[in-house]
Protein chains: 2
Amino acid sequence: MPVKAGQPLDPAATRARILAAAADVFYRRGIHAVGIAEVAEAAGASKLSIYKNFGSKAGLVEAVLRDRTQRVRGWHDERNVEAAPAGRERVLAVFDLVASWYAEAGFRGCAMINAATEDRGFDGPPSQLAREHLGFYRDLFQRLLEEAGVADGRTVARQLVVVLEGATVVSAVDRDPGLGAQARTIAGVLVDAALPVDGGDR
Amino acid sequence: MPVKAGQPLDPAATRARILAAAADVFYRRGIHAVGIAEVAEAAGASKLSIYKNFGSKAGLVEAVLRDRTQRVRGWHDERNVEAAPAGRERVLAVFDLVASWYAEAGFRGCAMINAATEDRGFDGPPSQLAREHLGFYRDLFQRLLEEAGVADGRTVARQLVVVLEGATVVSAVDRDPGLGAQARTIAGVLVDAALPVDGGDR
DNA sequence: ACGAGATAATACCAGTCGTTACTATCGCAG
DNA sequence: CTGCGATAGTAACGACTGGTATTATCTCGT
């Protein structure tokens, strides 16, 4: 059957369906482990549609990662602002957000980091997108930290990126959602250590 | 040519040669991306020898990871003791050690974590070995922390594992050896926060 | 000196990979 | 209603995969 009977003919929807299915199956089972045929089946599409829309498997992977990093950025940008008033708590709210992510069924770590790990080529799109993804977190933390009154926001932001990525990878390997709360605790200690002294320790 | 002329006939050496070559090529280019033929060529061995010694590619991978985690453990166990007198500095000496690791040419992150990431099956040997690897670090940190006088060594040890793995993955993605020193700074803050108050803050 | 075991090289197998080609059918704009 | 573009399904391609078989040659214990 050439096209699905009764289905509206909508190229944009087909592309979106492929993108969503590929993101899911790549994330769950790994990029190398999944063939184009499996993506096509999961998307309810044909291989022709995949190659018409994305050119190659590498193109599909890049599109998936680009879409994913944008979604994550938007998620943080909109959810964080409403989480808490600017200041220390809004910095830590980032870790509340990722804690809820760790607790999701099917959590498998950061898709960009995973892809970069599979793709050992250091100049390929997956690695570059992973670097940019870390850069987003660094900039986000720096902005929130400076709003919170931390003097050297850039340095502490880099520290929080390390904590965030560490918690993500350990949570993925250990299958322990408690890493989210743990990362929040660590971040609190680091932020307090960088805050001008007024509240005392502990 | 059946066997290399002039070469001594030493099955154990052949096995070790395969193991070393496989470790190198798997670490550099990824497990999925490397075929048995490439391992054989890198080892100067035949596929027959690989299958005779390790049974299958999965068996070879498991042997490589098992050897690697043991080497890392031994490296830490012997190098850390001589690094500093027991106490806070010996805890932080772990991060000096990994900092020198990050600076090595060809550093590509933690082989166990990488393998677990490639092998999305959560009950396979790579994932289990990665979990055990994290467990080694947790136990090592806990022991050093308790020697340093930290009351709840287990909790802080978990925090340091997060910092260590975060620095490792960020260093691998960003290709920035400076993450080692950064991780040491973070660890210092966390240890000081958990130490009984006597030295004051900062 | 001889036999047994280890080994490298080669060929081979069935399966899968990414990718392209082809065909038949559908929705939709004119 | 006609024709074009989008699509699903199928088949095929060459390259490569993990794994096995065969063979010839080497080392080494006896």
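These figures come from a predicted structure and were not determined experimentally. We name chains A, B, ... by the order of the sequence lines, and we start the count at 1 in each one.
Comparing A/Lys47 and A/Lys52 along DNA chain D, the residue whose closest nucleotide (by nearest heavy atom) sits nearer the 5' end is A/Lys52. Between A/Ala33 and B/Arg15, it is B/Arg15 whose nearest contact on DNA chain C lies nearer the 5' terminus.
Between the NE2 atom of A/His32 and the P atom of D/dG18 there is a distance of 12 Å, given to the nearest Å. As rounded to whole Å, 10 Å separates atom P of C/dA6 from atom CG of B/Asn53. Protein atom CZ of A/Phe54 is 16 Å distant from nucleotide atom C1' of C/dT19, rounded to whole Å. Separating the CD1 atom of B/Ile36 from the C1' atom of C/dA8 is a distance of 16 Å, rounded to the nearest angstrom. Atoms OH (B/Tyr51) and C1' (D/dG19) sit 5 Å apart, rounded to a whole Å. What separates CG of B/Leu48 from P of C/dT10 is a distance of 14 Å, to the nearest Å. Here C/dG18 presents its C1' atom at 15 Å from CD1 of A/Ile31, a figure rounded to the nearest Å. Between the NZ atom of A/Lys57 and the P atom of D/dC16 there is a distance of 16 Å, rounded to whole Å.
Proximity of B/Thr14 to the phosphate of C/dT7: a side-chain N or O atom is located under 4.0 Å from OP1 or OP2. Between C/dT7 and B/Arg17, no contact under 4.0 Å exists linking OP1 or OP2 to a side-chain N or O. For the pair A/Ser46 and D/dT10, the criterion of a side-chain N or O lying under 4.0 Å from OP1 or OP2 is not met.
When all heavy atoms of A/Gly30 and A/Glu118 are compared, the pair lying nearest together is CA-OE2, 3.4 Å.
Contacts of B/Val39 with the nucleic acid, taken as non-hydrogen atoms under 4.0 Å apart, are absent.
A side-chain N or O of A/Thr69 and one of A/Arg73 form a donor-acceptor pair less than 3.5 Å apart.
A donor-acceptor pair under 3.5 Å is absent between the side-chain atoms of A/Arg138 and the main chain of A/Ala157, judged by distance alone.
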Stepwise side-chain contact (heavy atoms from CB on, under 4.5 Å) check, A/Asp67 with A/Gln70: CA-CA 5 Å; A/Asp67 180 70; A/Gln70 281 307 326; 5.8 Å; no
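No side-chain heavy atom of B/Thr168 sits less than 4.5 Å from a side-chain heavy atom of B/Val98.
Minimum atom distance to the side chain of B/Ala45 is reached by C/dA8, of the listed D/dG19, D/dT7, C/dA8.
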